[in-house]
Amino acid sequence: MKKGDHLFLVDGSGYIFRAYHALPPLTRKSDGLPVGAVSGFCNMLWKLMLDARNTDVGIVPTHFAVIFDYSSKTFRNDLYPEYKANRSAPPEDLIPQFGLIRQATRAFNLPCVEIEGYEADDLIATYARLACEAGGDTTIISSDKDLMQLVGDTVAMYDPMKDRQIGIPEVIEKWGVPPEKMVDLQALTGDSVDNVPGVPGIGPKTAAQLLEQFGDLDTLLARAGEIKQDKRRESIIANADKARISRQLVTLMNDVPVTEGLEDFVLHAPDGPKLIGFLKTMEFTSLTRRVAEATSTEAGDVQAVAVTVERADHAHGPDVGAGLPPVARNAPGTEPDEAGGTAETSKQGDTPSLLAALRLERAATGKIDISAYHCIRDISALKVWVAEAREAGIAAFDVRATSADPMQAELIGMAIATAPGRAAYIPFAHMSGNGDLLGGGALENQIPLREALAVLKPLLEDRSVLKIAQNLKYDLVIMSRYGVDVAPFDDTMLISYVLDAGTPHGHGMDALAEKWLGHTPLQLKDVTGSGKSSVGFDQVDIDKATAHAAEDADVTLRLWLVLKPRLAAKGLVSVYERLERPLVPVLARMEQRGISVDRQILSRLSGELAQGAARLEEEIYQLIGERINIGSPKQLGDILFGRMGLPGGSKTKTGQWSTSAQLLEDLAAEGHELPRKIVDWRQLTKLKSTYTDALPGFIHPDTKRVHTSYALAATTTGRLSSSDPNLQNIPVRTAEGRKIRTAFITDKSHRLVSADYSQIELRVLAHVAEIPQLRQAFADGADIHAITASEMFNVPVEGMPSEVRRRAKAINFGIIYGISAFGLANQLSIPREEAGNYIKKYFERFPGIRDYIEETKAYAREHGFVETIFGRRIHYPDIRSSNPSLRAFNERASINARLQGTAADIIRRAMIRMEEALEKAGLSARMLLQVHDELIFETVEAEVEATIPVVRHVMENAAMPAVSMSVPLHVDARAANNWDEAH
DNA sequence: ACAGAAGCTTA
DNA sequence: GTAAGCTTCTGTT
């Protein structure tokens, strides 16, 4: 071996256990011999061999060996008799596979190395050292943490199942220590699988932290007395010997007296017929075919060979798979097996005709088969699918991209489905897994994005082909960024929302597939992994990506077939077509536009808030005489009401003292100094963390604007919701909070226009409940709360005390929220009887409202849903509950839903018409934001005066012509350079 | 790493 | 009393 050579060492023993547990069980068809692990092993080796001959991949091995454990007795047992003593016998169906895997290795023409008295890991350590001394590099094919101590400048690891390279940074990321400290870390943590004792109570996090602090294990043990935490210190002192023996156990021996040298590992090309003979014997049909193609061997000419199946060989049994804890087996069929060749697990007694019958039955009942999807790799195949979609007139599609944020996402691929079970995935930009480390690039056999879009764009824009998606807005924003305007379209999520708002199931793909198809689709996590080992979708293996993406397109199409007809059956087509579907592209454009946010203003505010909070913090510490965490309600409650003895009103269901703002305000009103400061501190820190600190992180790197995301199907009532960031809860109530709005700006030549509906929900109430006094008051443009007070308390509007108006206002809002004496009493801080009397008085003056409430409750009880005046349905499945408080809650919610939902419908109608109205008027104003009853536009300064009347007209007439309201809608609008002044 | 509670922001 | 989303803390996995 010489400089530049590269040695691959496969941890054969580790791989056997891993493949056995991670892959679905597979048996040889002819006789039921279990071969799942053998199949996984062969596929992995073949892939490594292919990569070895593909110079594009980057790493090309010149030397190659597969290393196994020999016996369960090693020198470690002399050191520590309990080592690996709790190891149980391997599973019954794994035992015959140990020998088969060694035979497979030889069939691949690869050296198969094992030495009595040593573990595979020790041999790997020894060969890695020899390679390094010879000037070569080593890649260890394993993900076992016991081997990570070997990682270094010339030694890396590679996890073939996750397609992940493990180098020094990955070790540090995963364990918090560099490879050379792994031994010390394992000495502390121990290993329950191998029965390495370690120090009780020390896990990986603590161990890494201690090693960071003390440098190494010896120093730590010598200076253990300095450890602050009592339990930890005592445990380490008491178990120092265990740590030392553990270190000996986990330290790999790198000078095993090996019998074969590196020169014996020189990699040879596989011997086609020899390998095929073995694979045929195993009945791995698809791998046989692939190997035959790649080695230009005629598989039919090769005879299957004899293999030896041992029950359990004398030594190869219990010791294999060192360090790999057993994991739960995947359900059969959740992962493509043996390259999609034989999806079924055959049992003894199965016959081909039985299998065929099973397949037919599955096809007939439309069972979803994720192994049946196609992967489109060349332009001519893509054209065939596009033609097929045109023929069908419908196509479900699903975009795969690098991010859940459509403004940041880069296209990776797209799935389309043209009929149930007929779906394909088109990969554009999948990368090789180790690309980021080696600068490797896109995988081969993908249609370049540009060429694929040239074929797909005409289909996606074809007026005669209906495109179907689940959560279409996401795809629309991405495709729009690539210059594709998808139309016409349907969105299964929105169809479900129109049919079933308020029912317990959500409207996401998984919930819908479960409910309507009785099927659980592959989860994104299943293909990308989760947590720190997750990878971007572009790193996902194309076969897995195909199963995942094509399945989603297939499921979407099937859902559409089930759900779309239900709209007509329930009379909800017009709700879907007039209130939901047309809003999707409108919101997509608003999100794409974003709004300009001034970083400097936020940064300045952040500084001011930090100063104010710091000052208050000091004052609070002075008052309580201790530096507690003020942000912890638990600590705060204990100090305030426990140690300091302030009168507290206990509560919260977890038995903690309540420290709510309301309660602290009350205490402040009684003259206590501390609660006031806490309330103020909370306000400042809230503004800082939620707004001034968080918002700049949402400024898009390219557009320099903030792009919120609107959810169309998140609320029960029909309102939108906003997230990432939520721009529907930007502060407005306090002067301090309003400063945040000054950061939402335009440039000098533009203006923000804010237009908001005045009292829209009360107007809806006056209309639907037919209340003459309220209708009149709104028609006159009068002060609605003052009129209410005047009616109730028989006082003239002129010179009315503000307290009287305040109470009437609270009652008006209470009605909208489905009033209760309890709630009103809380709001006004008055006794419950008094609140009850107000409500009684109110109903006497406005009997129509009592009727409206009773009517709504009766309707909801009878039908299980209520409707807005535009026919939107909101379900209340618990309205008939025998639990009185649950029932009452549903009653209040249903009363509110008719009003809130109708108001939501009205502004939706305005938004849907707005763009065309502005365009017709020749105005350049663009809608940016919606905040439930308010729309924010951006326009050139010169057009402000012309824009406002157009906006107002559209908004005020939004209910027409579907509904002619008996109460006028009123819109206030103004313009300024920032949102604070425009509002 | 995640989930729930508490608290706070909006309409 | 209705409808949301985000942050921090806390305890569990």
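Both backbone and side-chain heavy atoms feed into the values below; hydrogens, waters and symmetry mates do not. Everything numeric in this text was worked out from a predicted model, so none of it was measured. In what follows, chains are A, B, ... by sequence order, proteins preceding strands, each numbered from 1.
Closest to the side chain of A:Arg892, out of C:dG1, B:dG7, B:dT10, is C:dG1. Among the nucleotides B:dA11, C:dC6, C:dA4, the one closest to any side-chain atom of A:Val732 is B:dA11. If you check C:dC6, C:dT8, C:dT2 against the side chain of A:Ser723, the one that comes closest is C:dC6. Which of C:dT10, C:dA4, B:dG7 sits closest to the side chain of A:Pro633 comes down to B:dG7. Picking from C:dT7, B:dG7, B:dA11 the nucleotide with the shortest atom distance to the side chain of A:Thr690 gives C:dT7.
With rounding to whole Å, A:Ile819 atom CD1 is found 12 Å from C:dT2 atom C1'. Residue A:Asn812 contributes atom CG, which lies 15 Å from atom C1' of C:dT2 at whole-angstrom precision. Between A:His932 atom NE2 and C:dA4 atom P the separation is 10 Å, expressed in whole Å. Rounding to whole angstrom units, CG of residue A:Leu636 and P of B:dC8 are separated by 10 Å. Between A:Lys857 atom NZ and C:dT2 atom P there is a gap of 13 Å when expressed in whole angstrom units. One can place CG of A:Asp933 at 7 Å from P of B:dA11, the figure rounded to the nearest angstrom. Counting to the nearest Å, the C1' atom of B:dT9 and the CG atom of A:Leu687 are 9 Å from each other. In this structure, the CD atom of A:Gln900 is 13 Å from the P atom of B:dA11, given to the nearest Å.
Residue-level contact check: A:Tyr691 touches the backbone only, with heavy atoms under 4.0 Å from sugar-phosphate atoms and none from bases. Residue A:Asn729 is in base contact, counting any heavy-atom pair closer than 4.0 Å across all strands shown. Among the heavy atoms of the strands lying under 4.0 Å from A:Gln827 is at least one base atom, whether or not backbone atoms are also near. Within the nucleic acid shown, A:Ala810 comes within 4.0 Å of at least one base atom, counting heavy atoms only. Looking at heavy-atom distances under 4.0 Å, A:Thr685 makes no contact with the nucleic acid at all. At a threshold of 4.0 angstrom between heavy atoms, the contacts of A:Gln683 are confined to the sugar-phosphate backbone, with no base atom among them. Nucleic acid contact for A:Ala661: sugar-phosphate only, since backbone atoms but no base atoms lie under 4.0 Å from a heavy atom of the residue. Using a 4.0 Å heavy-atom distance criterion, A:Ile730 is classed as a sugar-phosphate-only contact. At a threshold of 4.0 angstrom between heavy atoms, the contacts of A:Ala711 with the nucleic acid are absent. Within 4.0 Å of A:Ser820, counting heavy atoms only, lies at least one base atom of the nucleic acid. Heavy atoms of A:Gly814 sit under 4.0 angstrom from at least one base atom.
The environment of CZ in A:Arg832 is sparse: at most 12 heavy-atom neighbours from other residues, nucleotides or ligands sit within 6.0 Å. In this structure, A:Gln611 places its CD atom where only 12 or fewer heavy-atom neighbours from other residues, nucleotides or ligands lie under 6.0 Å away.
The existence of a salt bridge linking A:Asp680 and A:Arg676 is confirmed by a sub-4.0 Å separation between a basic side-chain nitrogen and an acidic carboxylate oxygen. Salt bridge present: A:Lys473 and A:Glu591 bring a charged side-chain N and a carboxylate O closer than 4.0 Å.
Distance alone, capped at 3.5 Å, places no donor-acceptor pair between the A:Ser603 side chain and the A:Arg599 backbone.
Nearest heavy-atom pair, A:Gly818 versus A:Arg892, reported as atom, atom and distance to 0.1 Å: O-CD, 2.7 Å.
Side-chain N/O atoms of A:Gln728 and base N/O atoms of B:dT10 include no donor-acceptor pair closer than 3.5 Å.
Between A:Phe846 and A:Tyr842, the distance separating the two ring centers is shorter than 6.0 angstrom.
Contact check, A:Arg719 against B:dA11: no side-chain N or O comes under 4.0 Å of OP1 or OP2. For A:Ser660, no side-chain nitrogen or oxygen approaches OP1 or OP2 of B:dC8 to under 4.0 Å. Considering only side-chain N and O atoms, A:Gln635 lies under 4.0 angstrom from the phosphate OP1 or OP2 of C:dT10. For A:Asn629, a side-chain nitrogen or oxygen approaches OP1 or OP2 of C:dC9 to under 4.0 Å. Neither OP1 nor OP2 of C:dT2 sits under 4.0 Å from any side-chain N or O of A:Thr717. Within the 4.0 Å cut-off from OP1 or OP2 of C:dT10, at least one side-chain nitrogen or oxygen of A:Ser632 is found.
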